[in-house]
There are 2 protein chains.
Amino acid sequence: MRLNIGGVMSVKHSTQHKILDAAQTLFAETGFTDTSLRQITSMAEVNLASVNYHFGSKKELIQAVLQRYLVVLMPRLDQEFTRLLAVQQPNSLSQVLSVFVKPLLELNKVHQNGARIFLQLLGRGYTDVQGHLRWFFNHHYGRVLDKLVLLVQQACPDLPPSELFWRLHFSLGTVVFTMASNEALAEIAEADFNEKVDIEGVILRLLPYLSAAIAAPVATVTQLSHTAPAMASEGR
Amino acid sequence: MRLNIGGVMSVKHSTQHKILDAAQTLFAETGFTDTSLRQITSMAEVNLASVNYHFGSKKELIQAVLQRYLVVLMPRLDQEFTRLLAVQQPNSLSQVLSVFVKPLLELNKVHQNGARIFLQLLGRGYTDVQGHLRWFFNHHYGRVLDKLVLLVQQACPDLPPSELFWRLHFSLGTVVFTMASNEALAEIAEADFNEKVDIEGVILRLLPYLSAAIAAPVATVTQLSHTAPAMASEGR
DNA sequence: TTTAAATTCAAACGTACATTTCAAACATGC
DNA sequence: GCATGTTTGAAATGTACGTTTGAATTTAAA
């Protein structure tokens, strides 16, 4: 029989567990498409067929790897969002963004380096094609993210909804890309600035950056046309 | 014989040209690894073997696709950077970032939707594994980007170099991710806000966002430890 | 027109992949 | 200890890939 992903197999590292551990590492490093089941089962020291036996397919394995973190993270985030929404006066933007920090870092309890690995996987999920992952995210966790939008809206009442939409996606891009190339960046940072940077360091560097970015003054039409004059686009 | 990428074959669409056009579209949509030469040659309506005949390998095709834009964009950027570096008093951050707009939009002359396609390809180049592309970028255009760093440094003299390093990469992520998912975002924006958005619109929305982000106040140690208290990380 | 090079073409090659198969090993409750 | 259900194992299947080949065709110079 197969499945039973959420169940408590535990005790000694089961085959499922070994597969998940190897898969997340390789997926985070190399992306989903560029990681083969043979690499995974070889690193996990299990038989090739066991992936399809336990998870059904590679696609479902990918989702299982993400689920392990999402089922921990999203309820925590939901709880934080709900708490912030309950207070009387609106929260500041940096307050809103700060609630990500603890839940994310608690992913380190799920697995060593869990926070980094999860964010890398999230990045892969958005940049690799993997259409099923986008659907997967929205279908399961769309409600939670709606609360985030509401909170940011309250924190930045002057921001038009469409501008807020774009800026939240800009911010998602910042996080996701940073995490996808995290290893390379951390290496360079260490070599060039002699600065050891862990995932917590990166997250804390992101906060002021994103706070300022999302709350930036909206460019007026005159400013825009002055900044980038002439140049008729042929595009679209 | 093969190669002669920069040459003026023109007249009627040559096989090389047709391959490049099809390849850039598919690469931008699906990424490098997930696009097969068979898809490309089928869309281009040329023989499968012609890719290897004209470009040598898939890897070299990828580089050729990018080169078509880079050879136009980078000298233009270099010229703008040099101009800004020549003026007496330092430029503001938004002045520095604004110089990207025109050179980018001029890529629409290289090919229809060239600016969007190039930025999407750039994103793929950073997020897909493709180690050779990172080397390719740095080797050919590292000098130009050094000037950008210098300009931003002058515009934000209070920013420590390591902080600047991270923020520039955050910004790269913002741009690259936005462009990679540009199509999906533009669709949503149009559906939800009845707002037609082209590549120029996105770029102009990015400017104030990035300006504010890069110039954000640097979080002090006390601020950091207050924002995210306790929670000892087990990571790394 | 002849000739040689450049290009196209259909076919094949070798490799790697996800997935399936089915027998063997293992565990578990009776 | 036997029988039953679960998990593993080695091997094979079929598909898709990048690349190579060599003959056919087109191009362009002599």
Side-chain angles (χ1 to χ4, degrees), chain A residues 1-24 26-27 29-65 124 128-133, chain B residues 1-24 26-27 29-65 124 128-133:
Chain A
M1 242 274 289
R2 35 183 238 74
L3 232 67
N4 178 35
I5 295 164
V8 255
M9 188 65 55
S10 67
V11 184
K12 237 353 175 4
H13 278 357
S14 64
T15 300
Q16 293 191 29
H17 197 121
K18 287 194 285 185
I19 292 174
L20 287 175
D21 285 354
Q24 69 172 7
L26 292 171
F27 283 157
E29 277 175 10
T30 335
F32 300 114
T33 332
D34 290 337
T35 300
S36 71
L37 294 187
R38 284 171 171 80
Q39 290 176 265
I40 293 170
T41 53
S42 151
M43 170 182 268
E45 297 182 299
V46 300
N47 190 272
L48 170 61
S50 56
V51 169
N52 288 285
Y53 175 74
H54 285 289
F55 299 95
S57 67
K58 184 180 182 179
K59 197 194 275 193
E60 288 164 280
L61 171 63
I62 295 174
Q63 295 182 1
V65 165
R124 297 292 182 187
D128 285 23
V129 199
Q130 304 294 349
H132 66 101
L133 279 183
Chain B
M1 246 278 287
R2 33 183 241 78
L3 232 67
N4 178 33
I5 295 163
V8 257
M9 188 67 54
S10 68
V11 183
K12 235 355 173 5
H13 278 356
S14 65
T15 299
Q16 293 189 30
H17 197 121
K18 287 194 283 185
I19 292 174
L20 286 176
D21 284 355
Q24 68 173 8
L26 292 171
F27 283 155
E29 276 175 10
T30 333
F32 300 115
T33 331
D34 290 337
T35 300
S36 71
L37 294 186
R38 284 172 171 82
Q39 287 176 265
I40 294 170
T41 53
S42 153
M43 170 182 268
E45 297 181 300
V46 301
N47 190 271
L48 170 61
S50 56
V51 169
N52 289 284
Y53 176 74
H54 284 290
F55 298 95
S57 67
K58 183 179 182 180
K59 196 194 274 193
E60 287 165 280
L61 172 63
I62 294 174
Q63 295 181 1
V65 165
R124 297 292 181 185
D128 284 25
V129 198
Q130 303 294 348
H132 65 102
L133 279 183

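Since the model is a prediction, treat every value here as computed from it, not as a measurement. Below, read A as the first sequence line, B as the second, and so on, with proteins coming before strands; counting in each chain starts at 1. Below, all heavy atoms of this structure are taken into account, side chains as well, without hydrogens, waters or symmetry copies.
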Between [atom2] on [N] and [atom1] on [X], what's the gap in Å once rounded to a whole number?
X	N	atom1	atom2	answer
K18(A)	dT7(D)	NZ	P	14 Å
L48(A)	dT7(D)	CG	P	18 Å
Y53(B)	dT20(D)	OH	C1'	15 Å
I40(A)	dA18(C)	CD1	C1'	11 Å
H13(B)	dT7(C)	NE2	P	18 Å
N47(A)	dC22(C)	CG	C1'	13 Å
L37(A)	dT19(C)	CG	P	6 Å
I19(A)	dA18(C)	CD1	C1'	14 Å

So, taking the atom named [atom1] in [X] and the one named [atom2] in [Y], what distance separates them when rounded to the nearest 0.5 Å?
X	Y	atom1	atom2	result
L61(B)	L20(B)	CG	CG	6.5 Å
N52(A)	K58(A)	CG	NZ	11.0 Å
F27(A)	Q39(A)	CZ	CD	9.5 Å

Of all the choices, [options], which nucleotide is nearest to the side chain of [X] once you look at every atom?
X	options	answer
S36(B)	dT8(C), dC17(D), dT7(D)	dC17(D)
A49(A)	dT19(C), dT21(D), dT20(C)	dT20(C)
K58(A)	dA18(C), dT8(C), dT19(D)	dA18(C)

Checklist line | Taking every non-hydrogen atom, the tightest pair across E45(A) and K18(A) | finding: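 Closest approach of E45(A) to K18(A), heavy atoms only: O-NZ, 4.1 Å.
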Would you say a side-chain N or O of [X] is under 4.0 Å from OP1 or OP2 of [N]?
X	N	value
T15(A)	dT7(D)	no
H54(B)	dT8(C)	yes
N52(B)	dG18(D)	no

Next item on the list: Could you tell me whether the side chain of N47(A) reaches within less than 4.5 Å of the side chain of T15(A), counting heavy atoms only?
Entry: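 No. Closest side-chain heavy atoms not under 4.5 Å.
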Notebook entry, point to check: NA contact type, T35(A), heavy-atom cut-off 4.0 Å: base, sugar-phosphate, or nothing?
Noted result: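 The answer is sugar-phosphate, as T35(A) gets under 4.0 Å only of primed atoms, P, OP1 or OP2.
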Next item on the list: May I ask you to verify whether the side chain of R38(B) and the base of dA16(D) hold a donor-acceptor pair under 3.5 Å?
Entry: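 Side chain to base: no pair present.
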